[in-house]
Every structure is written in C-alpha cells, then in structure tokens.
Amino acid sequence: RDSVTSSERRAAALGGSGGGAMLRAGGAVSRRCGAVEAIRARRRQQEWALRKARRETQLVSKRLLRELQDDGEEMETREPSVTQEEVSQLYQRIQRGSEDRLAALQSLCQLLHLAEAQKMFVRLENCIHILIGLFTSNLASVQLKAAQCLLRLSHADDPNVSLVCLPATPYLLTYLSGQSAKFTEQCLYILGNLAAENKAVRNQLLLQGVVQALVGCLQSPHGAVVEAAAYSLSQLLQAKEAREKIVPAVLEASLTPRLIELLDLDSELGMPTAVECAWCLHYIVSSGVDSECLVSQGVLHQAVTLLIALGRAIDSGATTDGVELLIYPVARCLGNLTASRDTTPRRSRLVDCGLLPALSSIISKFLPTQPSVSRECLWLLNNLTVGEERFCSAFLKYNLVPVLLQLIPFCGGINTLVLTLLGNIAEMGPELCDKLRQHREIFSALCTSMRAADTEAVRLALEVLHLILMHCAQACVEFANQNGVEALEAIQYNSNKEIRVRANFLMDRYFADKAV
C-alpha cells in the first residue's frame, strides 16, 4: 500500500481572504491584540477541516502466497510465453481424470502466472466449473492445487479473468471453517482478491455472510490464517461503500476488539498480522464511525502503546526490518482518532505518556531512508498539537524543536508539515512564541523556507514569522541580525501576489526603518 501525500493545509493566518483588516492594522497595542484575535478566529474556523482524517482511498492491492510468487519467478525465467495449444492440452489432462491430474494442475498453476495464459484458460468451455469441481473434491492434494489455480486467477489484473472465480465464493466461505490452515489461508486470499474488484462482488460476499465467516478466522491460532483474514477484511473495509454497509456489519459482529488485541508488536502471530489489523482499524476509524465507541474498546491506548514501544526500540537499536509497514496505518489510525471531537478530552491525557519523544525518534530514524514514514508522524503531530496548548508546551519541554528545525530543508511535504507544526506552537501566544524565539536556529530555518520554490512553504514560514514577531518585540532585532530582512526583501518581488503582499506587510510593520 502506497502512502498518499497529505492534502491537509493550514488556514491562512496572514493575508488572504478576510485579511485586509489585519494588513491595515497599525502598531498600537489594541490593534495588535485585534490582529491576534483575527488570526485565532480564522484558525479556529478551519481547525477541524485541517485536522480531518486522511480518507483518500488506498491503492487496492491483490495478494499471492509467497510460494506462488516464487513459482512465478521461476516461470518467468523458464517460459516467457505460452500457446493456446499448451493450455488446452493441460485442460484436457485435468478433465480426463487421469493419474497425472495432479501434475497437470501443478503445471497449469505455474502457467497461470502469465496474463496471456490466464486469458487463454478462461476462454475454454466450462473451465471454471471443472476447476470448482476439483476444488470441492474429496482429495486434499487436488483441492489444494485447484485452490492455487483459483488464487492465480483471482490475482489477475484483468477483471474479466478474476471475476470468473465468482461461482466459487460459496465454497470458499464454507471451507473457511475447515481443518487445514494452509487451505483456509488460500481461500481467504482468493476472497480478499475478489473483494477488491467491484461493489457487486462485495455485495454478493456480504449476502453470503463473509463478515461472520471472518470472525472465526481471526480467532485462529495460526498466524498465517489470521493475517489472511485481516487482509480480506481490509479489502472490504477500504471500499467506497464501506461506511454504509461493511463497517456496520463489522461492528455488529464485534470484530474490533479482536483487531485491537492483535495490534501488538510482541504478538506470537507476528508483525505482518499486526500490520493487516492496523489497516483494518484505520479504515474503520476513517469511515466516520463513533470514535468514542472505539476508544472505549482500547484502540487509542493500544495505538499509543505500540508507537511508544517502537520509539523505544529505535532508541535502543532493536528495530526489525519492515517495521515501517506497521507505523503507516497505526499513525494514521491515531491521527484520525485525535482529530475527532469525541476524543478531545482523552487526547489531553496523552501529553506526558512518552508519545511525543517516540514520534520524534521515529521521524529521525526513517527520514533518510523512508521519508514518507516521517511525513505520517508529522501529520499525526499536527493533529495532536493544533489548538492544544499542553501538547505544544510538551513539545518545548522535551526539547523537540531542534529536531523539527533539522527537517526544514526537506521537501515532499516534510517542510510544510514542520512549518504547520511550528505555527501550531506559535499560535498559542506570547509565552510559547518567546520559547520558540530562544531557539536561535528558528530564524535561519524560516529564512531557508522563504527561499524555497514551494509557495506553500513560503506562506507558512511568513505566518510563523509574523506570529513570533507579533508576540516578541526582541525577535525583530534577532531576526534582522541573522540577515532576515534581506530574505524578506527578496520575496517582496515574488511572482506570487499573495507572497508579495505578506512580505510587504511584514517589512512595513516590523522593519520599515531597516528597508533599503
């Protein structure tokens, strides 16, 4: 699943629509207070929109078992193409019921790695009925090979190929309660792949009781089965119609407590299972369901505990490969929960639990190699700090501002999220602005941002600068001593009108006597 770029943007606090009064404000104390209130009013007006969940649809992915992926790699090496005659001959061997039927199924399964072979096979008369007949036979070895063939077909990119497996769904659901973990795992991945196709398929699966069938699978003692069940569930939950149809069915089946329980780094079922369960919880939270219900079940506590454990593991050098795959959905899940009005009182309890230092460690660890992980954590930090003075104070208490300032040169959404976070802190008023000012690197960081090609980064830098200058008179001198005036003068002639207006306002208000 690819990470999506943040679409959340901070409300304009300087200039922009409705900002004329502020631009005309003089230097009197009363007018300065009025400007502060105007900034706060605009921020409050858009606060919840800015903190909304990342609800962008994830890229739907289909899944093959590892051994089938290995077979496909070998097939690519040995046989880059296939003929219709070869596929037909294998089909005839399978139909005849000869002694080499199992070998023929194995060869067919390998051929079905090729998109060309998949299309050739589904064109054969009664092919899917023959395959389903073998899938439901009383020979375990034949059943398993037939299931692998169905899995290959369900994994096809062409829906005209994958959807031929639909007649098998009642049998797939029935076999989920079987004794063979390997066979159950394959059935679950076929169902998950089919669920990714379209709404009609998902409706059919819902009518056939797929959610109830998954309840038992999530209780399995076999990690591979639980992982496959969570994968199938996640494919259902990320559908557009999930909010109206699928999420209510999941909640009614009381699946969320089990998903929360599996969100455990030390679980015997393994980290891949935790990853799939985290995605399920993310989709449920993002659907707009009552957050208080999920919080009462322990999702907030479990997500925070997991991120703190990951931060400590990073600090001690004890992280495992692929841990970033778990951070993505957990950070998003927690970010969506903290953006909800329902969880505002509970959010304040997270200030001193160690979450902020843990997120700082994760950001620093993955920035050089996986910047998208850092971006996810920065987005979460924004949701935690906006409008929350205790969180903003804690940021300064744990001395995390230097970590943020080191991220300013990074693009790809990193710098804008950092500047937004600094704005969250500066918006809290004179005391926190003064503490920000005491980090002398902040002015050089803002100057760096003002020279950026990204208009949004420049705008946010000007916003943060304005808040600090407004609340701290001595900041003007310090900013000027670090060549800040020259940086402001340079963007007075920016090609973007909004940037020019903002820069000119700051120059006229704070540095009129220093202008060249």
Side-chain angles (χ1 to χ4, degrees), residues 62-194 197 201 204-205 208 224 228:
K62 292 188 176 184
R63 190 75 56 85
L64 277 180
L65 295 178
R66 179 62 197 169
E67 56 265 33
L68 291 187
Q69 292 174 348
D70 293 340
D71 286 347
E73 290 168 4
E74 292 175 11
M75 191 66 202
E76 278 187 344
T77 304
R78 297 197 315 265
E79 192 68 48
S81 63
V82 64
T83 64
Q84 181 70 61
E85 182 181 0
E86 186 177 357
V87 176
S88 299
Q89 286 177 353
L90 282 174
Y91 182 50
Q92 288 169 10
R93 286 168 58 192
I94 292 169
Q95 280 181 301
R96 283 196 297 265
S98 57
E99 294 180 358
D100 69 338
R101 170 182 278 174
L102 193 60
L105 275 172
Q106 173 64 31
S107 299
L108 177 64
C109 184
Q110 289 182 337
L111 283 180
L112 289 178
H113 164 72
L114 303 171
E116 186 182 358
Q118 293 169 354
K119 293 175 184 177
M120 291 175 182
F121 178 75
V122 298
R123 285 197 294 262
L124 296 172
E125 187 176 0
N126 292 324
C127 65
I128 195 64
H129 298 293
I130 296 295
L131 200 52
I132 291 174
L134 298 173
F135 177 67
T136 57
S137 74
N138 56 4
L139 296 173
S141 57
V142 172
Q143 274 189 305
L144 193 60
K145 286 301 174 187
Q148 290 176 354
C149 290
L150 287 171
L151 182 55
R152 286 282 193 198
L153 293 173
S154 72
H155 188 259
D157 294 328
D158 185 352
N160 294 322
V161 172
S162 57
L163 291 177
V164 301
C165 299
L166 274 184
T169 55
Y171 306 103
L172 290 165
L173 291 168
T174 300
Y175 286 136
L176 293 184
S177 57
Q179 298 300 311
S180 169
K182 188 65 179 175
F183 191 60
T184 302
E185 181 188 7
Q186 294 204 8
C187 292
L188 285 165
Y189 280 121
I190 296 169
L191 287 167
N193 289 345
L194 291 176
E197 287 299 347
V201 174
Q204 176 176 317
L205 291 173
Q208 292 172 342

Check whether any side-chain heavy atom of [X] lies under 4.5 Å from a side-chain heavy atom of [Y], and answer yes or no.
{"X": "Leu139", "Y": "Leu102", "value": "no"}
{"X": "Lys119", "Y": "Asp158", "value": "yes"}
{"X": "Val161", "Y": "Phe121", "value": "no"}
{"X": "Tyr91", "Y": "Ile130", "value": "yes"}

Of the non-hydrogen atoms in [X] and [Y], which two are nearest, and what is the gap between them?
{"X": "Gly178", "Y": "Thr184", "value": "O-OG1, 4.1 Å"}
{"X": "Ser107", "Y": "Leu90", "value": "CB-CD2, 3.7 Å"}
{"X": "Pro159", "Y": "Glu197", "value": "CB-OE1, 3.6 Å"}
{"X": "Ala168", "Y": "Ile132", "value": "N-CD1, 3.6 Å"}
{"X": "Val82", "Y": "Glu116", "value": "O-OE2, 3.3 Å"}
{"X": "Cys109", "Y": "Arg152", "value": "O-NE, 3.2 Å"}

Going by side-chain hydrogen bond (donor to acceptor under 3.5 Å, both in side chains), name the residues that satisfy it together with Gln204, two or more places apart in sequence or in a different chain. Thr169
Can you list everything that forms a side-chain hydrogen bond (donor to acceptor under 3.5 Å, both in side chains) with Glu125? Sequence neighbours excluded, please.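 Counting only residues at least two positions away or on another chain, Glu125 forms no side-chain hydrogen bond (donor to acceptor under 3.5 Å, both in side chains).
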Report the distance from atom [atom1] of [X] to atom [atom2] of [Y], rounding to the nearest 0.5 Å.
{"X": "Gln208", "Y": "Thr174", "atom1": "CD", "atom2": "OG1", "value": "9.0 Å"}
{"X": "Leu131", "Y": "Leu124", "atom1": "CG", "atom2": "CG", "value": "11.5 Å"}
{"X": "Gln95", "Y": "Leu134", "atom1": "CD", "atom2": "CG", "value": "9.5 Å"}
{"X": "Met120", "Y": "Gln84", "atom1": "CE", "atom2": "CD", "value": "5.5 Å"}
{"X": "Phe135", "Y": "Leu144", "atom1": "CZ", "atom2": "CG", "value": "10.0 Å"}
{"X": "Asn193", "Y": "Ser162", "atom1": "CG", "atom2": "OG", "value": "8.5 Å"}

Between [X] and [Y] (side chain of the first, backbone of the second, donor and acceptor by atom type, cut-off under 3.5 Å), is there such a pair?
{"X": "Ser137", "Y": "Gly133", "result": "no"}
{"X": "Gln118", "Y": "Leu153", "result": "no"}
{"X": "Arg101", "Y": "Ile94", "result": "yes"}

Run the side chain to side chain contact (heavy atoms under 4.5 Å, CB included) check on Val122 and Ile128 step by step: do they pass? CA-CA 7 Å; Val122 298; Ile128 195 64; over 6 Å; no
